Structure formats: C-alpha cells, structure tokens
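These notes are about the structure you will find just below.
Worth knowing before you read on, the calculation uses all heavy atoms, side chains too, and leaves out hydrogens, waters and symmetry mates. On a predicted model such as this, the values are computed, not experimentally measured, just so you know. Order of appearance sets the numbers: ligands from 1, and atoms from 1 within every ligand.
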Amino acid sequence: MKKQTKAIRTQTKKTQYREHSTPLFLTSSFTFESAEQGKALFEETEEGNIYSRFSNPNVTEFVDKVCLLENAEEGIATATGMAAVFASMAGLLKSGDHIVACRALFGSAHQIISQILSKWGITHTYVDADATEAEWEAAIQENTCMVYLETPSNPGLELVDLEMLARLKKKHGFILNVDNCFATPLLQTPLDLGADLSVHSATKYMDGQGRVLGGIVVGSAELIAPIRFFARHTGPSMSPFNAWTLSKSLETLDLRMERHCSNALQLAQALENHPDVQSVKYPFLPSHPQYELAKRQMSAGGAIVTIEVEGGFERVKALFENLEIASLSSNLGDSRTIVTNPFTTTHSKLKPDEKAALGITEGLIRISVGLEAIEDLVEDFTQALTKSAEITKAITA
Ligand SMILES: *Cc1c(COP(=O)(O)O)cnc(C)c1O
C-alpha cells in the first residue's frame with residue numbers, strides 16, 4: 001500500500017459501538033479483567049494498555065502510522081518534539097560518551113547537547129553542515145556513540161548527505177539520529193538511507209494547523225527499547241487528545257505536503273526574480289548549493305523558503321508591517337504562511353560568530369509557506385517588498 005493509504009486506513013480496533021472514526025480514549029488508566037491479567041500485563045507476557053503514561057490506544061495509533069510512514073519497526077510518542085530529541089539521547093547515551101552533531105541545529109537541541117548532557121559527562125563536537133566526508137570523519141572519536149543532525153536545517157536550509165554518514169557509520173559504529181521534522185516522512189525517510197533513528201516535532205507538519213504539541217522518535221525495536229524504558233519511567237508522554245488530533249492530521253499529510261511544497265517552490269521562484277530580494281534559498285531551486293543532493297535525498301523541497309533583503313532590520317520591519325496575509329510568529333509548519341526574522345527572535349541568543357557561521361544575518365527572513373492560494377502569496381510578498389523599499393529609501397535619504 002502507498003503511504004497515503006496507510007496514513008488513512010491505519011486505525012485502532014473498532015469498539016462495540018462500531019464507530020467509523022477513532023474515538024478519543026481520554027483515560028489515565030485501564031482495568032484488568034482479572035488479577036492474573038494484571039500480573040501478565042506487568043510481566044509483559046500479555047500485551048495491552050495499563051496506564052496512559054506507558055501507552056494509550058490513541059497514542060499507539062499515531063505511533064503505528066508514523067512507523068509505517070518512516071519504514072520503522074517501533075516508536076515512542078512524546079509531549080513535544082524536544083522531549084523526543086532528549087529521550088532519543090538520554091535513553092541511549094551514558095557518561096563518557098561523545099556526540100558528533102551538525103552545527104546547524106534547532107536552538108533547544110543545541111542547549112540539550114551543550115548545557116544539559118554535558119552535566120552528565122557526555123561531550124560533543126560540532127561539524128558544519130556542508131563539511132566533507134573527511135571532516136565528519138575527523139570529528140569521530142573512539143567514544144562517539146551518536147551522530148545527530150537535522151536535514152534540511154533551520155533556518156539555513158543546509159542539507160547533510162545521509163548516505164555519506166551511513167558509510168561512516170559502517171566503519172565507526174555509531175547511532176545515526178536524524179531530526180526529520182522539516183522534510184516529514186513523505187519527502188525523506190532517513191532509515192531507508194541508513195539512519196538508525198528518525199525524530200520529529202509533530203507540532204509542525206504532522207499537526208500542520210498550529211494546534212497541538214507533540215514529538216516522536218522511531219527506529220529499530222532494539223534501539224527503541226531503552227528509549228521506551230527512559231520514557232516510561234520519566235514520563236514525557238503524549239496526551240491522548242494530542243495523539244488523536246495528530247493521528248487525524250496524518251490522514252491529510254500527503255495532500256498538505258503536496259500543496260506546501262508546490263507553493264514554496266513557486267514563491268521561491270517568484271522571489272528569486274524580484275530585484276529587491278538579495279538571495280533566495282530553497283532546496284529545490286537549482287541555485288541552492290546542494291541542489292543535487294536535495295534531488296537525490298528528498299522527493300520535494302519542503303515548505304520553508306528563506307530570503308535575504310537589503311537594509312537590515314529596518315527593512316525587515318517595514319516588510320513585515322506591510323504583509324497583509326502572512327502571520328508574524330516564531331512557529332512554522334502551519335496551514336497559514338508565517339514569516340520569522342531569526343536574527344532577532346528564534347536565533348537571537350546565539351553569539352555573533354555563531355550567527356555568522358550559520359548565515360543568520362539581520363536581513364534574513366524565514367518563510368514557512370502555508371496552504372493559501374499561491375497567487376495571493378506572491379502578490380502579498382511583492383506588494384510588501386515594493387512598499388517597504390519606499391519606506392526604507394525615505395528613512396535612509
Ligand atoms: C520545532 C522543532 C523542534 C522542537 O519541537 P517542539 O515540538 O517545539 O518541542 C525540534 N526540531 C525542529 C527541526 C523543529 O523545527
């Protein structure tokens with residue numbers, strides 16, 4: 001079966017009411033039919049729900065769908081994407097271990113690696129996204145247990161060659177852990193390219209409508225077992241309501257991603273030809289430095305486009321004030337188009353040299369392209385660029 005069919009037809013077993021749509025199992029615990037059953041469930045000789053911190057039918061349905069989409073054996077859903085990232089590390093790493101991570105990381109992933117894991121004696125080395133195979137290999141130490149990265153990255157839209165890292169993994173033996181949030185399992189399946197774990201912020205495209213938080217990590221049964229142990233006992237569980245919402249959303253993920261990606265490509269092409277835009281970055285534009293890799297590794301370019309405008313923050317301010325459709329928010333992956341100025345918001349805490357290394361300039365704008373009609377989006381950005389040019393000219397005159 002194709003992925004969209006699996007995402008639509010995977011469902012919990014019908015109850016005695018013969019419902020068509022999965023009901024919300026809003027229950028913290030489950031009953032035992034007998035003392036023996038309670039014993040068997042705890043001994044794990046029988047499979048079943050005990051307590052919603054461990055498992056819940058709605059959460060299981062969501063996990064099962066993502067495993068099918070990612071070609072993974074098992075998975076754990078968590079309350080947020082960051083809980084998934086943390087569980088994927090805390091469940092598998094111990095004091096004395098070393099992580100190699102890509103420098104272009106979501107801010108909180110950077111904080112976990114540099115400020116939290118370091119307290120427990122887990123060290124790290126950062127590598128640039130566009131580093132060569134030899135540079136990645138040079139960062140690997142005897143005690144390197146995990147390589148962690150995002151591709152494409154936020155907000156730089158840099159790609160990492162997963163097949164290249166899978167080659168290094170064969171040689172050096174580490175766990176290859178990929179944040180697949182920007183691509184979604186419909187555009188890229190890291191496990192098929194040699195990764196061991198794929199983690200997601202389900203808050204983004206999986207929900208896709210800016211409603212609930214969630215996260216998930218999927219991989220082999222062997223690697224998920226210690227992550228499940230960590231999650232079961234520390235409790236970053238996904239709520240049944242969020243799982244119910246997310247599972248319904250997965251039914252339309254394929255449809256939404258198709259529109260997201262075609263809108264993003266068309267907006268990127270329109271803005272690339274605009275005289276007031278200094279540069280446009282999008283993985284499926286031939287001008288992207290890793291266009292060939294993008295074509296090989298992803299089936300479409302995703303829904304994030306970045307542009308750079310001249311005139312720094314003043315120009316960004318004027319542009320944002322004149323946008324009539326796009327929302328100003330730090331979020332992404334919504335049906336509504338969102339613009340963000342990473343320099344002053346999501347990435348403002350980075351040191352100047354770190355910003356420079358990641359290409360985060362004052363005039364950089366991250367566009368999370370939504371599902372609105374593309375004609376309206378092109379028109380909105382075009383008119384706001386024109387108006388903001390006039391304002392900035394008047395200020396600098
Ligand atoms: C948003 C995001 C996260 C964090 O997810 P939350 O659900 O906000 O905890 C992690 N990685 C990437 C790439 C993200 O965009």
Using residues 302-312 as the side-chain source, report each donor-acceptor pair under 3.5 Å to any protein atom, sequence neighbours left out, with the distance given to one decimal.
{"residue": "Glu308", "atom": "OE1", "partner": "Ser279", "partner atom": "OG", "Å": "3.2"}
{"residue": "Glu308", "atom": "OE2", "partner": "Thr361", "partner atom": "OG1", "Å": "2.8"}

### Query
Does atom CD of Glu43 have more than 12 heavy-atom neighbours from other groups under 6.0 Å away?
yes

### Message
Just to verify, what does Thr345 make a side-chain hydrogen bond (donor to acceptor under 3.5 Å, both in side chains) with, not counting sequence neighbours?
### Response
none

### salt_bridge(Asp254, Lys2) N-O dist < 4.0 Å
no

### Protein residues having a heavy atom less than 4.0 Å from any atom of ligand 1
Thr80, Gly81, Met82, Phe106, Glu150, Asp179, Cys181, Phe182, Ser201, Thr203, Lys204, Gly214

#### Entry: For Asp334, all residues meeting side-chain hydrogen bond (donor to acceptor under 3.5 Å, both in side chains), sequence neighbours excluded
none

### Task
Would you check if Asn242 and Phe62 make a side-chain contact, meaning some heavy-atom pair closer than 4.5 Å?
no

